[in-house]
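Inspection log for the structure reproduced underneath, given as structure tokens.
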Amino acid sequence: MTIALYNTMSRKIEPLETIQPGRVGMYCCGPTVYNFAHIGNMRTYIFEDILRRSLEAAGYAVLHVMNITDVGHLTSDADEGEDKMILAMRREGKTAHDIADFYTDAFMRHAQALNILRPHECPRATDHIGDMIDMIRRLEEKGLAYSAGGNVYYDIARFTDYGKLAGTDRESLRAGARIEVDRNKRSPHDFALWFTQSKFEDQEMTWESPWGRGYPGWHIECSAMSMCYLGEQFDIHCGGIDHVPVHHTNEIAQSEGATGQSPWVKTWLHGEFLVTDSAKMSKSSGEFTTIDTLIERGYDPLAYRYLCLGGHYRQQLGFSYEALDGAANGLESLRRIVLNLKQKAGAPTAPAADHPRLREFQGHLADDLNMPRALATVWTTLKEPIPDSEKLGLVYAFDAIMGLDLDALEEKERAGEVPSEVMERVAKRAEARNARDWAEADRLRDEIAALGYTVKDTPDGAQVSAI
RNA sequence: GGUGGCGUACCCAAGUGGCUAAGGGAGAGGCCUGCAAAGCCUUCAUUCGGCGGUUCGAAUCCGCCCGCCACCUCCA
């Protein structure tokens, strides 16, 4: 099945054509590890995970690369503001290295909790400074970069296609609308490739370079690392929608400028924002929700994944705890159904490749990753009158892409794992019920509830589970 | 100022010219049950922000209006 995806560059849904048949090189802009990723960030990684799983299910050998940016990134794109890593160091009294390690670990933990497959490569920017320097030299050799005030800048006037991804032309950009223009720049939208003039104290993250001791600009790492792992041209580049106008625009300028080859990337995919009541979630605004926040509030992280599955990746998704509750209930219901199927059907029957429901499900994904429709197919399938083993096999096939870990579900509470004090009351209650002493039975049920368990009376006796 | 997007039931959310407007959650009624839970069955927008227009036909296209948001600093 051919997968069609919305390419930000062409603004059209196009069938995926890979550079090498059957193989996909995919680069996803990863986290800058100066703080926790919030659930809005994680939405994008969930979308990329669905993309990867869909490609793999379609038979592609995927090489998935995601950077960990542990350097650079000032608070603004002018040569001012503070380096976010430095801010974090000051805030937490740690070294840059410790900050990066801490937040990298937190990110990986959150991604794992969301069942996001780990990218095959997760290169750290600080391990590729040499590659960045090499690329800046290539840009210099081609006359696309200039030095001014101790820093090296990209000269966007020399790159005729500048802004093609965002669909903006240089004239329409409102330079200096919200920030002061760096006087070193020839054009307001030139951007720094290498800094040697640091205005900041305690700038401990610096490296030797042909331009002096300093540190890289904040777009170059993605150009350098993606090419390092995927070659000078590759298939798919993903990120959040906010990366279109600046970060990806500048990446294209650097990459195509350095290699002279175009297009650098064939397909650009961008995930829309998670929005709260009436605003996007953002790190810089201070308050934000993390996966840990959700866990503290008693939610299964996968309930959040399920919530994300319900919306299309190119559409803003409204987040509220009411919506999350709905998703948690939906996921819980799905799990119960699967658990029941498991008990009744035993072994699943793997669906034929041309099973109508499987094809329908894959067809929705092949249509620009329409996960909401695919999810509707899942529910329709569950309500169909087909054999349980077939149903279970289909659900597992669906879940290979949904990633809700449905095949790993187990009855959490078995009789043997329930404390004896609870089991004693269950037994007493059974006696009371036999004697039709409902008051005593209800009293015992309350006691059991107080101990943290619920009982369900079934034709086969009482079923006990933790609340 | 420029650019882009959004407004579908109580909530989340598909659908972008044509059979009954997906799906989930919540809610309601029923069966079952001592009660409850689970399960099962049924129900839940003559209507898609508003007003016009195009069309045999529009939630879907066009215009205007109202409301909301994003981007043009950093940001998924």
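Chain identifiers are assigned alphabetically (A, B, ...) following the order of the sequence lines, protein sequences preceding nucleic acid strands; residue numbering begins at 1 within each chain.
Counting non-hydrogen atoms under 4.0 angstrom, Val455(A) reaches a base of the nucleic acid. Within the nucleic acid shown, Gly271(A) has no heavy atom closer than 4.0 Å to any nucleic acid atom. Across all strands shown, His243(A) has heavy atoms under 4.0 Å from sugar-phosphate atoms exclusively, and none from any base. Contact annotation for Arg436(A): no contact, since no heavy-atom pair falls under 4.0 Å across all strands.
The aromatic ring centroids of His248(A) and His270(A) lie less than 6.0 Å from each other. Aromatic pair Trp264(A)/His237(A): ring centres closer than 6.0 Å.
Between the CG atom of Leu334(A) and the P atom of G39(B) there is a distance of 12 Å, given to the nearest Å. Rounded to whole Å, atom P of G39(B) lies 14 Å from atom CG of Asp388(A). If you take CG of Asn41(A) and C1' of C74(B), they are 13 Å apart, rounded to a whole angstrom. Taking atom CG of residue Leu341(A) and atom P of nucleotide G39(B), one finds them 12 Å apart after rounding to whole Å. One atom, CG of Leu444(A), and another, P of C35(B), lie 19 Å apart when rounded to the nearest Å. At whole-Å resolution of the value, CG in Asp446(A) and P in C35(B) are 17 Å apart. As a whole-Å value, the separation of Ile241(A) CD1 from C71(B) P is 11 Å. What separates CZ of Arg11(A) from C1' of G5(B) is a distance of 12 Å, to the nearest Å.
The C1' atoms of A14(B) and U8(B) are separated by 10 Å, rounded to the nearest whole Å. Going from the C1' atom of A70(B) to that of U46(B) covers 35 Å, rounded to whole Å. Atom name C1', nucleotides U47(B) and A59(B): the rounded distance is 9 Å, in whole Å. Taking the P atom of each, C32(B) and G50(B) are spaced 44 Å apart, rounded to whole Å. Taking the C1' atom of each, C72(B) and C12(B) are spaced 31 Å apart, rounded to whole Å. G25(B) and C62(B) have their P atoms separated by 35 Å, with the value rounded to a whole Å. Between C44(B) and A22(B), the distance separating the two C1' atoms is 15 Å to the nearest Å. For the C1' atoms, the distance from G24(B) to A9(B) is 14 Å, rounded to whole Å.
Expressed to the nearest 0.5 Å, how far CG of Asn151(A) lies from CG of Asp190(A) amounts to 12.5 Å.
One donor-acceptor pair, N or O on each side, does fall under 3.5 Å between the base of C35(B) and the side chain of Asp457(A).
In this entry C71(B) has G2(B) as its Watson-Crick or G-U wobble partner, both defining distances falling under 3.5 Å. Shown here, G34(B) forms no base pair; nothing in the strands shown gives a Watson-Crick or G-U wobble contact with both key distances under 3.5 Å. Of all nucleotides present, only G63(B) satisfies the Watson-Crick or G-U wobble test against C51(B), with each distance under 3.5 Å. Checking G17(B) for Watson-Crick or G-U wobble geometry (two distances, each under 3.5 Å) identifies no partner in any strand. A45(B): no Watson-Crick or G-U partner with both key distances under 3.5 Å is found in any strand.
A donor-acceptor contact closer than 3.5 angstrom is absent between the side chains of Asp300(A) and Tyr306(A).
You'll find the side chain of His364(A) stays beyond 4.5 Å of the side chain of Met371(A), heavy atoms only. Taking 4.5 Å as the limit, every side-chain heavy atom of Thr206(A) sits out of range of all side-chain heavy atoms of Phe195(A).
If Arg429(A) and Gly30(A) are placed on RNA chain B by their nearest nucleotide, the residue sitting closer to the 5' end is Arg429(A).
In this pair, Tyr154(A) and Phe191(A) present their aromatic rings parallel. The plane angle is below 30°, not in the 30 to 60° band.
Partner Tyr229(A) forms a ring pair (Phe, Tyr, Trp, His ring centres under 6.0 Å) with one of His64(A), His120(A), His128(A) and no other, that one being His128(A).
Because its NZ or CZ atom is both nearer than 6.0 Å to the ring centre of Tyr321(A) and within 45° of the ring axis, Arg297(A) counts as a cation-pi partner of that residue.
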> Can you give one letter per nucleotide of nucleotides 12-28 of chain B, 5' to 3': B if a protein heavy atom sits under 4.0 Å from the base, S if only from the sugar-phosphate, - if neither?
Replying inline: SSSS------BSSSS--
